[in-house]
Visitor: 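Would you mind keeping the following structure in view while I ask a few things?
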Amino acid sequence: MSRASPARVGRIPPLLAHRFSRRRIIRLDAELGIPVRNQNGLCVPCISGEVGEAVGRIGSAGEGGGRFEGYTDAAETEKKILRNVLAPDDAWFRTGDLMRLR
């Protein structure tokens, strides 16, 4: 019988780290399923070893963001968008994926 091991998404080589700057893992309130925010109303990034939700920045490539087309239902699309994540007025999409940064 083999031993189970945690799944891994993979590693980002330092040479390619700049291409992944539009992805982050943010801290979640486990009971409420919502992002934890600091005293300034911004989301709190996870520290190494902490589990959180992966989010992706929405915006143009020049701003370090990417496209988010959303869903056919505008209300469902709005549920996936977080605002004021790492800076006032920024926009990020919630992946719904829990990950741990190592």
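What you are looking at is a predicted structure, and each value in this text was computed from that prediction instead of being measured.
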Visitor: Consider side chain to side chain contact (heavy atoms under 4.5 Å, CB included). Of I26, L42, I58, which one does V85 pass it with?
Guide: I26
Visitor: Could you tell me if the side chain of D29 sits less than 4.5 Å from the side chain of P35, heavy atoms only?
Guide: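 Contact flag for P35/D29 side chains = no.
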Visitor: Is a donor on one side and an acceptor on the other found under 3.5 Å between the side chain of N84 and the backbone of D89?
Guide: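 Yes, N84 side chain to D89 backbone: donor-acceptor pair under 3.5 Å.
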Visitor: Of all residues at least two apart in sequence or in a different chain, which pass the side chain to side chain donor-acceptor pair (under 3.5 Å) check with K79?
Guide: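 Partners of K79 under the side chain to side chain donor-acceptor pair (under 3.5 Å) test: E76.
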Visitor: Would a hydrophobic clustering, with Ile, Leu, Val, Met, Phe, Trp and Tyr connected at side-chain separations under 4.5 Å, put I25 with L98?
Guide: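 Looking at the clustering, L98 is in a separate group from I25.
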Visitor: For R83, give me all partners under side chain to side chain donor-acceptor pair (under 3.5 Å), at least two apart in sequence or on another chain.
Guide: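 If we apply the side chain to side chain donor-acceptor pair (under 3.5 Å) test to R83, skipping adjacent residues, the hits are E78.
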Visitor: Determine which pairs satisfy side chain to side chain donor-acceptor pair (under 3.5 Å) with at least one residue from residues 31-56, sequence neighbours left out, and list them in order.
Guide: R27-E50, E53-R94
Visitor: With L86, which residues qualify under side chain to side chain contact (heavy atoms under 4.5 Å, CB included), at least two apart?
Guide: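 Here the qualifying residues are R24, P45, D90, W92.
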